[in-house]
Amino acid sequence: MATEIINDRCNGWAVIHKSNLIDDDGRNYHIVEVRIEKGTDGKDHVTYGAEATCCGLKLKPSVNYGNFSRKEDQNSFRVNLAKWQNEGYELCGRCVGHFYKDQV
């Protein structure tokens with residue numbers, strides 16, 4: 001099951017803390033589309049992030065991206081989302097639902 005990316009500059013997703021959102025007083029982590037590129041150190045880095053989460057909440061100008069994953073690794077990202085939720089991290093249901101909706 002493939003999850004589409006809306007922003008054509010992005011090639012993956014990152015999980016962010018609610019403190020990165022504008023005017024959100026919830027306790028959930030959210031998911032945002034990002035651009036991931038290999039740095040000179042050979043490691044993946046987020047080089048660009050969308051202006052809103054997958055559920056539509058606006059982000060602050062400077063964002064601390066947490067765990068991230070490339071689109072081609074989305075199956076393992078889904079597994080990690082479930083694992084994190086089982087460990088007690090509260091993830092936004094609308095953001096997570098983006099990875100499980102029926103594909104047409």
Side-chain angles (χ1 to χ4, degrees):
M1 169 176 27
T3 300
E4 76 276 2
I5 292 181
I6 308 294
N7 188 314
D8 60 357
R9 292 181 63 187
C10 297
N11 65 350
W13 302 274
V15 177
I16 62 166
H17 188 266
K18 68 160 183 115
S19 63
N20 292 298
L21 303 174
I22 297 172
D23 297 329
D24 180 61
D25 61 355
R27 60 181 180 230
N28 297 327
Y29 286 83
H30 289 266
I31 301 170
V32 63
E33 293 179 354
V34 294
R35 176 86 188 159
I36 302 166
E37 296 180 10
K38 287 245 185 265
T40 56
D41 59 1
K43 296 180 182 177
D44 282 343
H45 299 275
V46 174
T47 60
Y48 168 81
E51 296 178 3
T53 63
C54 289
C55 69
L57 296 175
K58 298 291 182 192
L59 301 174
K60 291 179 179 176
S62 178
V63 174
N64 180 16
Y65 298 102
N67 294 303
F68 54 88
S69 181
R70 291 177 180 270
K71 181 172 176 62
E72 57 266 23
D73 299 325
Q74 66 185 287
N75 288 334
S76 61
F77 189 61
R78 282 188 191 96
V79 170
N80 284 335
L81 289 173
K83 182 178 110 181
W84 295 327
Q85 285 186 244
N86 289 337
E87 291 174 352
Y89 292 93
E90 295 187 45
L91 294 160
C92 169
R94 293 187 318 183
C95 284
V96 171
H98 180 73
F99 293 86
Y100 295 99
K101 67 182 180 181
D102 292 336
Q103 301 296 310
V104 180

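Nothing here was measured: the structure is a model prediction, and the numbers come from that model. For the numbers below, each heavy atom of this structure counts, side chains included, while hydrogens, waters and symmetry mates do not.
- Using a 4.5 Å heavy-atom threshold, the side chains of L91 and V15 count as touching.
- Partners of S76 under the side chain to side chain contact (heavy atoms under 4.5 Å, CB included) rule, at least two apart in sequence or in another chain, are D73.
- Between F99 and W13, the angle of the ring planes goes over 60°, which puts this pair in the perpendicular group of the 30/60° scheme.
- Put simply, OG1 on T53 and CG on L21 are 6.5 Å apart, with the number rounded to the nearest 0.5 Å.
- Counting heavy atoms from C-beta outward, E51 and L59 have side chains that stay 4.5 Å or more apart.
- Side-chain atoms of H98 and V96, non-hydrogen and from C-beta on, never get closer than 4.5 Å to each other.
- N86 pairs by the side-chain hydrogen bond (donor to acceptor under 3.5 Å, both in side chains) definition with nothing, not counting sequence neighbours.
- Here S62 pairs with nothing under the side-chain hydrogen bond (donor to acceptor under 3.5 Å, both in side chains) rule; sequence neighbours left out.
- A 4.5 Å side-chain heavy-atom check between T47 and I36 finds every atom pair outside the cut-off.
- Using modelled atom types, one side-chain atom of Q74 and one backbone atom of K71 make a donor-acceptor pair closer than 3.5 Å.
- Taken from SG in C92 to NE2 in H30, the straight-line distance is 4.5 Å, to the nearest 0.5 Å.
- At a cut-off of 3.5 Å, with distance as the only test, a side-chain donor of R78 or T3 sits close to an acceptor on the other residue.
- The shortest non-hydrogen separation linking A50 to C10 is N-SG, 4.5 Å.
- Of the N and O atoms on the side chains of Y48 and N7, at least one donor lies less than 3.5 Å from an acceptor on the other residue.
- Residues E33 and I6 meet the side-chain proximity criterion, which asks for heavy atoms closer than 4.5 Å.
- Residues that satisfy the side-chain hydrogen bond (donor to acceptor under 3.5 Å, both in side chains) test with E37, not counting sequence neighbours, are R35.
- Contact of the V32 side chain with the N20 side chain is not registered, since no non-hydrogen atoms from C-beta on lie closer than 4.5 Å.
- A search for salt bridge (Lys or Arg N to Asp or Glu O under 4.0 Å) contacts involving E90 returns R27, not counting sequence neighbours.
- Counted within 6.0 Å of NZ on K43, heavy atoms from surrounding residues, nucleotides or ligands total 12 or fewer; the atom is thus considered open.
- One N or O on the side chain of H17 and one on the backbone of S19 form a donor-acceptor pair closer than 3.5 Å.
- Side-chain contact check for N28 versus K18: every heavy-atom pair is 4.5 Å or farther apart.
- Residues satisfying the salt bridge (Lys or Arg N to Asp or Glu O under 4.0 Å) test with R70, not counting sequence neighbours, are D44.
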